[in-house]
Amino acid sequence: MNVDWSWERARDCLPILLEGFKITLIATVLGFLIAAVLGLAIAVVRRVGPVFVTVPVRMICEFIRLTPLVVQLLFAYYLLPQFSALQIGIVVLGIHYSTYMAEVYRAGIDSVPRGQWEAAHALSLPTGRTWRAVVLPQAIRNTTPALGNYAISMFKDTPFLFAITVVEMVTAAQQYGARTFQYLEPITIAGVIFLIASYPTSILIRKLEKSLAY
């Protein structure tokens, strides 16, 4: 294996990595949407649901958080062969991260001042409207920076999809290296693409966090 950098090889592998990056981006965006919606539903259920519902939901969330993502991917992949690997990867990513986002939402709900709840009750607002118009807007506003951080974490975890044959960016880099016996350029470029995509997002999240603090 040649360890000298070659711009020709870099140009050769770049289109392949960009194709893999599309898969990475699709998995991240769709997985985040699933996680954000499902996590909110879990947080609300655990807050207002009856004990016979909240206890199993809490136990399931704990189980998902305490088992490796790769194991969950492999389990779903072999259990549900009728779905494509990418579909399974997106859903598993979403479910896995929803358990973490649920805790963020729960903290955001708890941060809503008690006076807001009491004011809604004094105005005789229905429970559903209290949640939609008073509680959730404030809770989501308070949790937006943390949710953004989880989006970045999910983006960086997409290489785990290699376990179920999804050819995302890192897997594409490895396959190019295996085919040409040249790993330096594809792996380096994959890392740079991750950095280019993640760093501006992290800066935006920090600015958003500061603006929401006022």
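Values reported hereafter were calculated over all heavy atoms of this structure, with side chains retained and with hydrogens, waters and symmetry mates removed.
- The distance from atom CD1 of Ile152 to atom CG of Asp157, rounded to the nearest 0.5 Å, is 12.0 Å.
- Once rounded to the nearest 0.5 Å, the distance linking OG1 of Thr165 with CG of Leu86 reads 9.5 Å.
- Ring pair Tyr100/Tyr97 is tilted by interplanar angle, where 30° to 60° counts as tilted.
- Using modelled atom types, one side-chain atom of Asn142 and one backbone atom of Gln138 make a donor-acceptor pair closer than 3.5 Å.
- Leu161 contributes atom CG, which lies 8.5 Å from atom OG1 of Thr28 (distance to the nearest 0.5 angstrom).
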For Phe83 and Leu80: C-alpha separation, side-chain torsions, deciding distance, then whether side-chain contact (heavy atoms from CB on, under 4.5 Å) applies. CA-CA 6 Å; Phe83 297 101; Leu80 303 168; 3.8 Å; yes
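- The line from CE of Met59 to OG1 of Thr54 is 11.5 Å long, rounded to the nearest 0.5 Å.
- Here the rule is side-chain contact (heavy atoms from CB on, under 4.5 Å) with Leu40, and of Ile42, Val37, Val44, Leu38 only Val44 fits it.
- Both Ile90 and Phe75 belong to a single network of hydrophobic side chains, linked directly or stepwise wherever heavy atoms of I, L, V, M, F, W or Y lie under 4.5 Å apart.
- When all heavy atoms are compared, the tightest approach of Gln174 to Tyr183 is O-CE2, 3.7 Å.
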Extract all donor-acceptor atom pairs below 3.5 Å that involve side chains of residues 13-27 and protein atoms in other chains or at least two apart in sequence.
{"from": "Glu19", "atom 1": "OE2", "to": "Lys22", "atom 2": "NZ", "distance (Å)": "3.2"}
{"from": "Thr24", "atom 1": "OG1", "to": "Gly20", "atom 2": "O", "distance (Å)": "3.2"}
{"from": "Thr24", "atom 1": "OG1", "to": "Met169", "atom 2": "N", "distance (Å)": "3.2"}

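- Transitive grouping of hydrophobic side chains (ILVMFWY, heavy atoms separated by less than 4.5 Å) brings Leu79 and Phe160 into a common cluster.
- Of all heavy-atom pairs spanning Gly177 and Pro186, the tightest one is N-CG, 4.4 Å.
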Show your reasoning for whether side-chain contact (heavy atoms from CB on, under 4.5 Å) applies to Thr188 and Trp5. CA-CA 10 Å; Thr188 301; Trp5 180 269; 3.7 Å; yes
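- Pro159 approaches Val170 most closely through the heavy-atom pair CG-CG2, 3.6 Å.
- Side-chain atoms of Glu185 come within 3.5 Å of backbone atoms of Ser6 as a donor-acceptor pair (strictly under, hydrogens ignored).
- In Arg47, the CZ atom is crowded: over 12 heavy atoms of neighbouring residues, nucleotides or ligands sit closer than 6.0 Å.
- Note that the CG atom of Leu147 and the CD1 atom of Ile140 stand 8.5 Å from one another [nearest 0.5 Å].
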Show your working on side-chain contact (heavy atoms from CB on, under 4.5 Å) between Asp4 and Leu184 and close with a plain yes or no. CA-CA 8 Å; Asp4 294 328; Leu184 177 62; over 6 Å; no
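- Side chains of Glu168 and Thr171: a donor-acceptor N/O pair is present below 3.5 angstrom, by distance only.
- Residue Ile34 holds its CD1 atom at 8.5 Å from CE of Met154, rounded to the nearest 0.5 Å.
- Contacts classified as side-chain hydrogen bond (donor to acceptor under 3.5 Å, both in side chains) and involving residues 75-84 (residues at least two apart or in different chains) are given here: Ser84-Gln87.
- Close placement of the Phe155 and Phe194 rings is indicated, their centers lying within 6.0 Å of each other.
- In summary, of the residues considered (Gln72, Glu62, His96), a side chain to side chain donor-acceptor pair (under 3.5 Å) with Thr67 occurs for Gln72 alone.
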Worked verdict on Ile203 versus Tyr199 for side-chain contact (heavy atoms from CB on, under 4.5 Å): CA-CA 6 Å; Ile203 293 176; Tyr199 186 65; 3.2 Å; yes
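- In the hydrophobic clustering of this structure, Phe52 groups with Val57; members are Ile, Leu, Val, Met, Phe, Trp, Tyr whose side-chain heavy atoms approach within less than 4.5 Å, directly or through other members.
- In this structure a side-chain-to-backbone donor-acceptor pair under 3.5 Å is missing from Arg46 to Arg58.
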